[in-house]
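Below: one structure, written as structure tokens.
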Amino acid sequence: MPSLDASEAPQPDLAATRGESVTAVASPTERIVAMLRGLLPEGASVAVCWRDWALGSGGALSPGGTAELRRHADQVLSEPQAEVDSAQLLVHGWDNLEGSARMAVAAQLHEPLGDAERKSWLALAKTLVVATLDAARAQARILSLEKSKRLQQALYEIADLASADLEMPEMLRRIHLVLGSLMYADNCYIVLYDDQRRSVRFLHFVDQKDPYVADPEREFTEEEMPNSMTFALLRHGQPVRGPSVSIRQKLGVIRDLLHGPDSQDWLGVPMRRDDRVCGAIVVQSYDTPASYADEDRALLGYVAQHILTALDRKHAHVDLERRIEARTHELQRANRELQAEILERKRAEKLQRALFRIAELAITSESLEGFYADVHAVVDELIFARNFYIALLSDDGQTLDFPYSIDERDPVRLSRKLANGLTEHVINTGRPLLADRALLSELGAQGKVNEYGAHAFSWLGVPLHRDEDVVGVIAVQSYSPDVSFSPHDQSLLNFVAHNIGNGLARQRAQEHLRLAHVELERRVDARTHELAEANAQLVAQIGERVRAEQRLTYQATHDGLTGLPNRPYLLDGLSTAIDRARHGDGQAFAVLFLDLDRFK
């Protein structure tokens, strides 16, 4: 029977690792302190302290420096107002550019320094401390990445082994080797537990002080192994870590020499299937206390689950519930894919309808204003467009006009000269801009853009093109943190904007044509009116001439004094009557001649 209560082998402690990192950082810091001390007058002392999110806290004190000087440097880390600038004491603190670290330097002077010397010394101190911490932070990051890489590779190997077509002893032996590359695992065993029979089988057993050879077919019951920490762990059902003595006290196990020597550190992790404990994996160290940490417990839990999965597959003990669940997950995934495909198809159809609608509006809209409003309605069906505007460059390219704008905060957008607004930024770059509040603030702080009007929480603008030239911008914005535009919205609006640009060009051409037609009608009406006036004047002139001729005829055939017909009138009328009688209708006529003396 194996001795089961020995503890795991030692694993490098994280605290020790962090201590090594701090030591690596402290040595350059001590050199910095010595260098800064050498730049001060004789008898001066220097202290340097820091507080860093990655490296923790630390510092250094020059030989001969007092604890009070170190306390001054520590205090200014948390209390900026504790800075001192006197003839005998100089204490100064500062943050790095990222805001992830705060540093402080303190100097005890026996001889005063000039202002220029103080400033130069402080500048040098800042540069040296910041550079040292940056280098230490980079080194710590490299070590962390290397460790993560090793861990990831090991986890991949364990996952591959658990799914490989290997015999169980060989698979467990290889997993043990991989586990040994990540933690101390010279003493390791794996048991399978039957909670109905209350028995265990040792699938893998390696121990420096116990020569037992595991027999996976041999069962051990609780009666055969009384006072066993392994059975106590299986009953407890949760990972345990610590010296054997402490674990026995925690789990209520009596010391039994038959189970082998005590271990300095013991780590056991149960293998669980749903709510049932199915086994356990244990590592232990006989000679090194605190060999294991929480990350080792998590790693061992990961290994335990892979071993259990391999056991289920190898022994075909996958229960019906797991199969149903796996099938259900598969169907759910297929259903999600189908729903996503349907949703994508609906989106495509909706977009296609919107594009057809825009193309139709470009032809059927009676005015540009109507076209803009209809385009807004189409865009609002695709994305959130409660705040929407269209901006166009003037013909001379110097002015930005807003022919259409609907906004909750800015009901009216006036035309303006080109400046450095968000709209101008899109026009100048010729690329869409999707910006949240943080990016908008950053662009404003960098002086790249200036936000006109109310500040938006999320802003999306895409360029409008005419051929290859950018002629305007179509933009939507949100003033609520609940509504943010996504890259999908950007792609959608950019695609729509291309068709809007073409439709806008056609609509503007039609508008120009309508205006030209209106102007032509106006000119025709004006010319017709002029001709009517000229014709009226001509008719009036002809009438006047006829009346003049009539007056002349009357005057020629009538007496000027009496207004009676005169002799020419009589002779003309008589001649006409004679001709009509001879050649015309032959109607008879008579002549009465009456002569009055002194008639006039």
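All values below come from the heavy atoms of this structure, side chains included, with hydrogens, waters and symmetry mates left out.
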Counting only heavy atoms not in R386, do more than 12 sit closer than 6.0 Å to its CZ atom? no
Pair E424 + R416: basic N to acidic O under 4.0 Å: yes
How long is the straight-line distance from CG of L460 back to CZ of F384, given to the nearest 0.5 Å? 12.5 Å
Are the side chains of E341 and R345 in contact, using a 4.5 Å heavy-atom criterion? yes
Can S458 and D436 be said to form a side-chain hydrogen bond (donor to acceptor under 3.5 Å, both in side chains), step by step? CA-CA 4 Å; S458 183; D436 56 12; over 6 Å; no
Of all the heavy-atom pairs spanning A497 and L464, show the shortest one and how long it is. O-CD2, 3.5 Å
Salt bridge R241-D294, side-chain N to carboxylate O under 4.0 Å: yes
Check whether the ring centres of F402 and Y389 lie less than 6.0 Å apart, and answer yes or no. yes
More than 12 heavy atoms of other groups within 6.0 Å of L97 CG: no
Hey, does V191 have a side-chain heavy atom less than 4.5 Å from the side chain of Y189? yes
Stepwise, does the side-chain contact (heavy atoms from CB on, under 4.5 Å) test hold for V412 with L414? CA-CA 6 Å; V412 178; L414 301 177; 3.7 Å; yes
Hey, does M103 have a side-chain heavy atom less than 4.5 Å from the side chain of N96? yes
Kindly determine whether L331 and R327 satisfy side-chain contact (heavy atoms from CB on, under 4.5 Å), including the steps that lead there. CA-CA 6 Å; L331 291 175; R327 183 57 180 168; 3.9 Å; yes
In Å and rounded to the nearest 0.5 Å, what is the OG1 to CG distance from T423 to L392? 11.0 Å
Report yes if the side chains of Y302 and V269 come closer than 4.5 Å at any heavy-atom pair, otherwise no. no
What's the shortest heavy-atom distance between L192 and L203, and which atoms? CB-CD1, 4.0 Å
CA sep, side-chain torsions, deciding dist, call: S484, F457, side-chain contact (heavy atoms from CB on, under 4.5 Å): CA-CA 8 Å; S484 297; F457 181 84; 3.5 Å; yes
Return yes if some donor-acceptor pair links the side-chain N/O of D52 with the main-chain N/O of A54 below 3.5 Å, else return no. yes
Side chain proximity check, M271 to I190, heavy atoms < 4.5 angstrom: yes
Can you check whether I175 reaches V303 side chain to side chain, under 4.5 Å on heavy atoms? yes
Between I383 and V476, is any pair of side-chain heavy atoms under 4.5 Å apart? yes
Looking only at non-hydrogen atoms, find the nearest pair between Y452 and G421 and report the distance. CE1-CA, 3.7 Å
Assess whether a salt bridge exists between R522 and E519, defined as any Lys/Arg side-chain N lying under 4.0 Å from an Asp/Glu carboxylate O. yes
What is the ring orientation for H204 with H176, classed by angle as parallel under 30°, tilted 30 to 60°, or perpendicular over 60°? perpendicular
Backbone N or O of A140 within a donor-acceptor pair of the S144 side chain at under 3.5 Å? no
Counting only heavy atoms from other residues, nucleotides and ligands, does the tally under 6.0 Å from CZ of F495 exceed 12? no
Please confirm whether the backbone N or O of G237 pairs with a side-chain atom of R272, one donor and one acceptor, at under 3.5 Å? yes
Are a donor atom and an acceptor atom from the side chains of N387 and Q477 found within less than 3.5 Å of each other? no
Are the side chain of R413 and the backbone of D407 linked by a donor-acceptor contact shorter than 3.5 Å? no
Closest non-hydrogen atom pair between L434 and L439, with its separation: O-CD2, 3.7 Å
Heavy-atom pair with the smallest gap, counting every atom of R273 and C278: NH1-SG, 3.2 Å
Nearest 0.5 angstrom please: L300 CG to E295 CD, how far? 12.5 Å
For the CD1 atom of I324 and the NE2 atom of H329, what is their distance to the nearest 0.5 Å? 12.0 Å
Can you tell me how far apart OG (S100) and CH2 (W53) are? Round to the nearest 0.5 Å. 6.5 Å
With side-chain hydrogen bond (donor to acceptor under 3.5 Å, both in side chains) as the criterion, how do Q153 and E157 come out once you've worked through the C-alpha distance, each side chain's angles and the decisive distance to 0.1 Å? CA-CA 6 Å; Q153 290 176 343; E157 290 181 23; over 6 Å; no
Can the ring centroids of H376 and Y404 be said to lie less than 6.0 angstrom from one another? yes
Take D396 and S394 through the test side-chain hydrogen bond (donor to acceptor under 3.5 Å, both in side chains) and record every step on the way to the result. CA-CA 5 Å; D396 60 2; S394 61; 2.4 Å; yes
State plainly whether the residues R173 and E167 are in salt-bridge range, i.e. N to O under 4.0 Å. no
Check against side-chain contact (heavy atoms from CB on, under 4.5 Å), Q398 and L418: CA-CA 6 Å; Q398 301 299 316; L418 289 182; 5.6 Å; no
Nearest heavy-atom pair of C49 and L77: which atoms, and what distance? CB-CD1, 3.9 Å
Are the side chains of L433 and W459 in contact, using a 4.5 Å heavy-atom criterion? yes
Under 4.0 Å between a Lys/Arg side-chain N and an Asp/Glu carboxylate O for R409 and E451? no
Rounded distance [0.5 Å steps], CG in L179 versus CE in M183: 5.0 Å
Is a salt bridge present between R137 and D134, judged by a nitrogen-to-oxygen distance below 4.0 Å? yes
Apply side-chain hydrogen bond (donor to acceptor under 3.5 Å, both in side chains) to N494 and S491, showing your working. CA-CA 5 Å; N494 195 40; S491 300; over 6 Å; no
